[in-house]
Amino acid sequence: MSKVKKLLAIVLALAMIMGMSVTTFATTTTYEDAIRVYGIEAGEGETVTVNAYQIIKYDATGKYVPVIEGTINEVDGNLNPTASNVLALSERIGDLGTPVSFTKVGSGEDAYYTTQAGSSLAVGTWMIIVTGSDDYIYNPAIVSVNQTAEGIKYGELNLDTDSWGTDVWLKKSEPTIEKTALTSDVQGVQYGDDIQFQLKATIPSYANNKKNIVFTIRDTLDGLALVVDEDHPVVATLAGQSDSTLTSIVNKAFSNGNISVEVEFSEAGDAYIREHGGEEVIITYFAKVTEDAKVTVSELTNDATLEYSTEDDTNTKADDTKHYTFGIDTTFSGGTITENKTGEFIKIDSNGNVDYTDNPGEVIVTNGNALAGAVFELHIGSATGALFEDASGATRFTTDPTGRLEIVGLDGDVDYYLVEVQAPTGYTINNTAVKVKINARFDGGILTGYSVVIGEGDDSATTNYNYNYQTGETTISPGVNNPYGFKNTTLSTLPSTGGIGTTIFTIGGCVIMIAAAGLYFASRRRQENK
């Protein structure tokens, strides 16, 4: 009886040894029913296919052997598939026989793929091939079905966490592109402002046999232009460190004054891209606001895109930043009212009064007149602050025949002050500095509306606007809407000459002439009576 026990112990030990002969590529989690593959995601509109190809089988003698002889490395008598082995086999799937298809089970983070109902995987090692995704790069991976003394154990594969090691490739990677503004408070911007931007992208992890890899970062500026000089350097890092190859291709892409960027990683070669798979690229640079659109709101969009190689094609991801400049007494943008102007600030004479009509932006002046030809400067921060200069280089702005004072390229939440420097002909200068403030409203970085406040305290007028970022339409919103009337008084009448004037001499001359005529007629009557 003791001999039987010893024999059973030996058989059990041998079975355990054979079961452990693939532990170098088996996962620690096992199941009784089927293999489970986690971490597979499908983008919107994508249909992902998951197939398993057997690369190591369990033969009739109780040994693990390659499905294709000579394709798997051996270490100390045990099969040990390397990354190179798997890559080579992924190019020979036609020689591996009919694959086993997997289906999705569950949803969310707990979802996994497994064999279809009624289908199971034979003992051995299987290569998992995922196709049909553009959002993610899925490289070949392996999972095993082990024969143990307790029975068959099915392994687990997690494509989100498992890898061949950082020096080879990730089993799953997602290329990303992120665009942000590093300069604080730049939802509203002013013409001439410098903004620092950051581009952040993740290089996909490509298998060692991937050729002709496309990985290109593009950035298109709208209403902005690159600023590249000693005070505004372009800085690029790879995995948080400077890299001479990256610096070279980035510097080639950025030129002062340009409105677009194209960083071609293919210039560095496939090996460079594969070597840095999974690492993050960060590029920072500066751009100047140049927009000169004569509209109430000018949306400046900075579009960054990433083009990258997928399994058999290329895909693109994108991100952007949005910034806005504003104007007063300027053209409505969007909708059916693009021919009309707003009228927040109207120059009028001392008798005039202003109000809006029922038509958007239409202003009526009663009991007086709108005045053209008044010249103003716009100061930033205070009545004596720096002068605002628009995109045309102008620092002085003149009222038109309707009394409007068109100024574009203004920031939100900045105090501006209008100061009259030249009155219309026949009028005196009004020395009152008039505060101008644009209060913008944002939702998640997107402009939803704003108000234009002219003047301060009781001597102020507010006009409220709604903004539709999808159509670019600006409309006057219900509420407090009244234009600001800035008055000039007429000059006093000057005397015609100096001294006491000619009036007294005229009167005296008339008296003398009348007296002379009276004496003449009296003399004639005396002569006629003689």
Side-chain angles (χ1 to χ4, degrees), residues 27 36-51 83 86-87 90 102 104 106-113 127-143 156-180 198-219 236-240 243 246 263-266 268 270-283 303-321:
T27 54
R36 298 184 186 183
V37 180
Y38 290 87
I40 298 176
E41 299 177 61
E44 185 176 352
E46 292 182 340
T47 300
V48 172
T49 300
V50 181
N51 286 322
V86 175
L87 283 178
S90 70
F102 282 26
K104 187 178 181 181
S107 61
E109 295 181 356
D110 296 328
Y112 61 90
Y113 281 75
M127 178 173 62
I128 304 300
I129 302 292
V130 181
T131 58
S133 176
D134 288 331
D135 287 343
Y136 298 93
I137 307 298
Y138 292 99
N139 291 305
I142 59 173
V143 64
E156 175 190 278
L157 173 65
N158 191 320
L159 298 181
D160 281 327
T161 57
D162 295 342
S163 71
W164 286 107
T166 56
D167 58 335
V168 186
W169 78 77
L170 298 174
K171 293 178 180 178
K172 172 189 174 184
S173 60
E174 180 185 9
T176 60
I177 181 74
E178 180 183 333
K179 180 65 180 289
T180 55
Q198 176 180 271
L199 289 168
K200 186 184 293 186
T202 303
I203 301 176
S205 183
Y206 292 105
N208 293 346
N209 62 345
K210 185 66 175 178
K211 306 294 184 183
N212 301 317
I213 302 173
V214 174
F215 188 77
T216 304
I217 297 173
R218 296 185 178 91
D219 200 0
T237 60
L238 183 62
D243 180 89
L246 176 63
V263 182
E264 293 270 11
F265 280 72
S266 59
D270 292 337
Y272 178 82
I273 298 174
R274 291 196 303 264
E275 177 186 354
H276 296 287
E279 296 181 358
E280 188 175 67
V281 176
I282 297 179
I283 303 170
D303 294 313
T305 60
L306 172 65
E307 183 182 11
Y308 59 92
S309 292
T310 59
E311 179 189 359
D312 54 9
D313 202 352
T314 61
N315 191 38
T316 300
K317 289 192 175 182
D319 195 15
D320 61 32
T321 61

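Note that CG of N208 is 6.0 Å distant from CZ of R274, once rounded to the nearest 0.5 Å. Note: D219 CG to D303 CG = 8.0 Å, rounded to the nearest 0.5 Å. One distance of note links OG1 of T202 with CD of E174; it measures 8.5 Å at 0.5 Å rounding. Rounded to the nearest 0.5 Å, atoms CE (M127) and CG (N51) are 10.0 Å apart. Distance CG/D243 to NE2/H276: 5.0 Å, rounded to 0.5 Å. The line from OH of Y113 to CD1 of I128 is 12.5 Å long, rounded to the nearest 0.5 Å.
A salt bridge is absent between K210 and D270; no separation between the charged side-chain nitrogens and carboxylate oxygens falls under 4.0 Å.
Taking the side chain as every heavy atom from C-beta outward, V48 and Y136 never approach each other to under 4.5 Å. The shortest distance between side-chain heavy atoms of I129 and P140 falls below 4.5 Å. Taking the side chain as every heavy atom from C-beta outward, L199 and V263 never approach each other to under 4.5 Å. Contact of the E41 side chain with the D135 side chain is not registered, since no non-hydrogen atoms from C-beta on lie closer than 4.5 Å. Within the 4.5 Å cutoff, the side chain of I273 has no heavy atoms near those of the S309 side chain. Contact annotation: the side chain of D320 never approaches that of K179 to less than 4.5 Å [non-hydrogen atoms, C-beta and beyond]. The closest side-chain heavy-atom distance from E178 to T176 is not below 4.5 Å. Taking 4.5 Å as the limit, some side-chain heavy atom of I203 sits within range of a side-chain heavy atom of L238.
Nearest approach of V214 to Y206, heavy atoms of both residues: O-OH, 4.1 Å. Closest approach of L157 and A141 over heavy atoms only: CD2-CB, 3.7 Å. Minimum interatomic distance between I177 and A304 (heavy atoms only, all atoms of both residues): CG1-CB, 4.2 Å. Nearest approach of Y138 to G39, heavy atoms of both residues: OH-O, 3.8 Å. Closest non-hydrogen pair, I137 versus S205, comes out as CG2-O, 3.8 Å. Taking both residues in full, the closest heavy atoms of Y38 and D110 are given as CE2-O, 3.7 Å, listed atom of the first, atom of the second, then distance.
Panel note: side chain K104, backbone A111; no donor-acceptor pair is recorded below 3.5 Å. Counting only distance, with no hydrogens or angles, the side chain of T321 and the backbone of T180 share no donor-acceptor pair below 3.5 Å. A side-chain donor-acceptor contact under 3.5 Å links N315 to the backbone of D134. Remark: side-chain polar atoms of Y112 are not paired, donor with acceptor, to backbone N or O of E156 under 3.5 angstrom.
Between the side chains of T316 and E307, no donor-acceptor pair is found at a separation under 3.5 Å.
Ring geometry for F265 against F215 counts as perpendicular: the plane angle is over 60°, on a 0 to 90° scale with 30° as the lower cut.
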